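Please read these numbers as outputs of a predicted model, since none were measured by experiment. Remember, it's 1-based here, ligands and their atoms both numbered in the order they're listed. Residue numbers run from 1 in the order of the sequence given. All values below were derived from every heavy atom in this structure, side-chain atoms included, with hydrogens, water molecules and symmetry-related copies excluded.
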Amino acid sequence: MLNIILFGPPGAGKGTQSQQLKEKYNLTYLSTGDILREEMAAETEIGKKVKDIISKGGLVSDEIVVSIIRGRVEANQKSAGFLFDGFPRTVRQAEMLDGIMNEFSLKINAVLSLEVPEEILINRMIERGKTSGRADDNIDSIKHRFVEYNEKTKPVLAYYEKQGNLKGIDGVGKVEDIFATLCNEIDKISKK
Ligand code: ADP
């Protein structure tokens, strides 16, 4: 099994790259952002609970996202692998993910971290906001997402660095070039 975490700040291109990666490697794609947006659209209990937090750019509680992820991992144990996007976003989520992986005798093979400077990200997200229809793609929420990222999500990098799983990827450039770099890393890892 090939289990990959695609890591990066808001707007780094995780969603775009994931679409191609999941196809190429036949991975079960788990984007907590997408799953939470589906819950909101369907107006489920979870959806109602997270709506305000998400629109303001805050992080949803670790318990909610971890229980969603655990359910999806349990349901897809026979898949070729998992591609995690936007999860884990706190050190606590990373620790709990290790617990889930252990429970199902799985392991994370690599954490690929898309690196993009903050000025570029903010511009990309403002552009995206013109068409995305996302309540959190406005300047105030975007700023808050970066505060949350810097405070709570960045420390996750050190967590995986310690495990020896972290690989930085230059996320500035053409989509297809970044995709090629990601594939190159994944191919190296799967040969190990
Ligand atoms: P981005 O484009 O900012 O990377 P995502 O689609 O991954 O956005 O997530 C959108 C929002 O959903 C986040 O700002 C946060 O409110 C919530 N969210 C997604 N994943 C998580 C997570 N793992 N932990 C907490 N909140 C999350």
Side-chain angles (χ1 to χ4, degrees), residues 3-19 21-22 28-73 82-101 108 111-157 159-160 169 171 175 178 182:
N3 300 312
I4 293 169
I5 295 171
L6 192 56
F7 189 92
K14 302 183 296 285
T16 306
Q17 296 296 337
S18 293
Q19 293 311 316
L21 289 173
K22 71 170 185 197
T28 300
Y29 176 51
L30 298 179
S31 155
T32 41
D34 283 358
I35 297 168
L36 292 168
R37 278 186 288 278
E38 284 162 21
E39 298 279 344
M40 289 191 288
E43 296 181 0
T44 62
E45 280 310 308
I46 289 178
K48 285 185 219 157
K49 234 189 241 173
V50 301
K51 200 171 166 206
D52 284 348
I53 302 170
I54 291 183
S55 67
K56 292 190 186 115
L59 289 185
V60 169
S61 79
D62 294 333
E63 286 65 31
I64 291 181
V65 289
V66 168
S67 82
I68 289 174
I69 290 288
R70 191 192 167 281
R72 304 282 171 120
V73 170
F82 292 98
L83 176 59
F84 298 98
D85 166 0
F87 178 89
R89 247 180 167 92
T90 64
V91 171
R92 182 135 181 275
Q93 289 179 20
E95 289 165 354
M96 290 167 94
L97 176 60
D98 276 343
I100 294 169
M101 298 309 272
I108 297 295
V111 179
L112 304 174
S113 171
L114 286 174
E115 295 167 350
V116 183
E118 199 164 306
E119 322 75 84
I120 296 184
L121 293 170
I122 294 183
N123 285 331
R124 278 190 194 172
M125 287 164 76
I126 291 170
E127 273 308 304
R128 180 173 83 181
K130 292 177 184 165
T131 54
S132 70
R134 273 175 56 166
D136 59 348
D137 278 348
N138 64 76
I139 189 70
D140 289 342
S141 302
I142 291 169
K143 281 192 185 144
H144 192 52
R145 280 150 77 191
F146 280 100
V147 171
E148 293 281 66
Y149 175 77
N150 287 317
E151 265 178 27
K152 298 176 185 163
T153 309
K154 249 190 193 163
V156 174
L157 286 170
Y159 181 88
Y160 287 115
I169 305 281
V175 170
I178 299 164
L182 288 167

Under 3.5 Å between some N or O of ligand 1 and some N or O of V65? no
Sort and list the pairs that fulfil salt bridge (charged side-chain N to carboxylate O under 4.0 Å, His left out) and have at least one residue in residues 111-121, not counting sequence neighbours. none
When you measure from atom 2 (O) of ligand 1 to each heavy atom in E148, R128, R37, which option holds the nearest one? R128
In terms of residue, atom name and distance, what is the protein heavy atom nearest to atom 26 (N) of ligand 1? V60 N, 3.0 Å
Could you list the atoms of ligand 1 found under 4.0 angstrom from a heavy atom of P10? 3 (O), 4 (O)
Between N138 and I126, is the side chain to side chain contact (heavy atoms under 4.5 Å, CB included) condition met? List the steps. CA-CA 7 Å; N138 64 76; I126 291 170; over 6 Å; no
Closest to atom 24 (N) of ligand 1 among protein heavy atoms sits Q93 NE2, 2.9 Å
Considering only NZ, NE, NH1 and NH2 on the basic side and carboxylate oxygens on the acidic side, decide whether D137 and R145 come within less than 4.0 Å. yes
Shortest protein contact, atom 8 (O) of ligand 1 (heavy atom only): R134 NH2, 3.2 Å
Protein heavy-atom partner closest to atom 19 (C) of ligand 1 - residue, atom, separation in Å: R89 NH1, 3.5 Å
Under 4.0 Å from a heavy atom of F87: give me the atoms of ligand 1 that qualify, with their elements. 23 (N)
Do NZ/NE/NH1/NH2 and the carboxylate oxygens of R37 and D34 come within less than 4.0 Å? yes
When you measure from atom 16 (O) of ligand 1 to each heavy atom in G58, G86, A135, which option holds the nearest one? G58
Regarding Q17 and K14, is there a side-chain donor-to-acceptor distance under 3.5 Å anywhere? no
Would the distance check show the side chain of S55 and the main-chain N or O of A135 forming a donor-acceptor pair, the cut-off being under 3.5 Å? no
Taking the minimum heavy-atom distance to atom 18 (N) of ligand 1, which of L30, I142, T32, L36 ranks first? L36
Set of residues satisfying salt bridge (Lys or Arg N to Asp or Glu O under 4.0 Å) with respect to R72, sequence neighbours excluded: none
Indicate yes or no for a side-chain donor-acceptor contact from D52 to the backbone of K49 under 3.5 Å, with no hydrogens or angles considered. no
When distances are taken from atom 12 (O) of ligand 1, the protein heavy atom at minimum range is I54 CD1, 3.8 Å
With atom 1 (P) of ligand 1 as the reference point, say which of R145, H144, K152 has the nearest heavy atom. R145
Numbered atoms of ligand 1 (with element) below 4.0 Å of K14, judged on heavy atoms: 4 (O)
Could you tell me whether D136 and K56 have a side-chain N and a carboxylate O separated by less than 4.0 Å? no
